[in-house]
Amino acid sequence: MEPWPSWAWILLLSHVKAALSRDFTAKDIVRLHPSTTPFPGGFKCFTCQEAVDNYECNRWAPDVYCPRESRYCYTQHVMDDHGDSVSVTKRCSTREDCLLTGCSYVPDNGYKMCSSCCEGNICNMLVPRNESSAVFSSTSPRRDIRWGLMSVTLSCITSRLI
């Protein structure tokens, strides 16, 4: 059997690198985090403590449900002055923990720290990198807004009946 020519090895190795991509897809999430909810409304968040980057956090996040008192997924991303990840922390969170999202600079080392919160099953796949992604995103409306809309609607209905 003849040895492979060098161009064949280069072609093979270029395809191996492409297969080892560090990006997650929805299919990867289902494969890594399958299960049924332990209670109604149960959900999961990616969880890690000071991982070196987002890939390492998501890859090794434990497959556990958030406690009942949690409703959101929290992410804190620390970057150096070049925008490279220094650490990633993700966890289940309460509303109170999510009130201070955004980006700020750490004066001691010049790092940029961005935090975000989201609502939904494993919604914290990505990390915040700037002010536009360091937000508190909720899928359900605030209760006071719903009650305000309901009272306006009831006022309109009763005024037509009178």
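The analysis underlying the following values was restricted to heavy atoms, covering all of them including side chains, and did not include hydrogens, waters or symmetry mates. Throughout, numbering of the chain's residues begins at 1 and tracks the sequence.
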*Asks:* Counting C-beta onward and ignoring hydrogens, is there a side-chain heavy-atom pair between Arg71 and Arg95 closer than 4.5 Å?
*Replies:*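 No, side chains not in contact.
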*Asks:* Hey, does the side chain of Asn124 reach the backbone of Phe46 with a donor-acceptor pair shorter than 3.5 angstrom?
*Replies:*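 Judged by distance alone, yes, a pair lies under 3.5 Å.
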*Asks:* Can you tell me if Asn130 uses its side chain to pair, donor with acceptor, with the backbone of Ser133 under 3.5 Å?
*Replies:*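 Side chain of Asn130 to backbone of Ser133: a pair is present.
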*Asks:* Could you note down all residue pairs passing side chain to side chain donor-acceptor pair (under 3.5 Å) where residues 107-118 supplies at least one of them, sequence neighbours left out?
*Replies:*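 As it turns out, there is no side chain to side chain donor-acceptor pair (under 3.5 Å) pair with a partner in residues 107-118 once direct neighbours are skipped.
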*Asks:* Within this structure, what is the OG1-NZ distance for the pair Thr75 and Lys90, rounded to the nearest 0.5 Å?
*Replies:*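 Spacing of OG1 (Thr75) from NZ (Lys90) equals 5.0 Å.
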*Asks:* So how far is it from Cys45 SG to Met125 CE, rounded to the nearest 0.5 Å?
*Replies:*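 It comes to 12.5 Å.
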*Asks:* Are side-chain N/O atoms of Glu50 and Thr89 paired as donor and acceptor at under 3.5 Å?
*Replies:*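 Result is no, nothing qualifies.
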*Asks:* If two hydrophobic side chains count as joined below 4.5 Å and joins carry through other members, does Val78 share a cluster with Val106?
*Replies:*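 Yes, because Val78 and Val106 connect within a single hydrophobic cluster, where side-chain heavy atoms sit under 4.5 Å apart.
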*Asks:* Given Ser70 and Ser93, is the side chain to side chain contact (heavy atoms under 4.5 Å, CB included) satisfied, shown in steps?
*Replies:* CA-CA 5 Å; Ser70 298; Ser93 179; 6.0 Å; no
*Asks:* List the residues meeting ring pair (Phe, Tyr, Trp, His ring centres under 6.0 Å) with Tyr74, not counting sequence neighbours, and say none if there are none.
*Replies:*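 For Tyr74, no residue satisfies ring pair (Phe, Tyr, Trp, His ring centres under 6.0 Å) once neighbours in sequence are set aside.
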*Asks:* Under 3.5 Å, is there a donor-acceptor pair between the side chain of Asn121 and the main chain of Phe43?
*Replies:*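 Pair absent, no side-chain N/O of Asn121 close to backbone of Phe43.
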*Asks:* Is the distance between the SG atoms of Cys48 and Cys57 less than 2.5 Å?
*Replies:*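 Answer is yes: Cys57 pairs with Cys48 in a disulfide.
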*Asks:* Tell me who clusters with Leu100, hydrophobic residues only, linked when side chains sit under 4.5 Å apart either directly or through other members.
*Replies:*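 Via sub-4.5 Å side-chain contacts, Leu100 links to none.
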*Asks:* For residues 76-88, which residue pairs qualify under side chain to side chain donor-acceptor pair (under 3.5 Å), counting only residues two or more places apart or in two chains?
*Replies:*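 Listed by first then second residue: His77-Ser85.
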*Asks:* Give me each pair satisfying ring pair (Phe, Tyr, Trp, His ring centres under 6.0 Å) with a member in residues 117-137, each pair once, sequence neighbours excluded.
*Replies:*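 Of all non-adjacent pairs touching residues 117-137, those that pass ring pair (Phe, Tyr, Trp, His ring centres under 6.0 Å) are Tyr72-Phe136.
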*Asks:* Check the pair Glu56 / Val88 against side chain to side chain contact (heavy atoms under 4.5 Å, CB included), numbers first and verdict last.
*Replies:* CA-CA 9 Å; Glu56 290 301 315; Val88 174; over 6 Å; no
*Asks:* Measure the SG-CD1 distance between Cys73 and Ile122 for me, rounded to the nearest 0.5 Å.
*Replies:*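 Answer for the SG-CD1 pair, Cys73 versus Ile122, is 8.5 Å.
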*Asks:* In the structure I gave you, are the side-chain heavy atoms of Met79 and Cys114 within less than 4.5 Å of one another anywhere?
*Replies:*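 Yes. Closest side-chain heavy atoms under 4.5 Å.
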*Asks:* Quick one: list whatever passes side-chain hydrogen bond (donor to acceptor under 3.5 Å, both in side chains) with Glu96, sequence neighbours left out.
*Replies:*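 For Glu96, the residues satisfying side-chain hydrogen bond (donor to acceptor under 3.5 Å, both in side chains) (neighbours in sequence not counted) are Thr94.
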*Asks:* Side chains of Pro67 and Cys92: closer than 4.5 Å at any heavy-atom pair?
*Replies:*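 Contact flag for Pro67/Cys92 side chains = yes.
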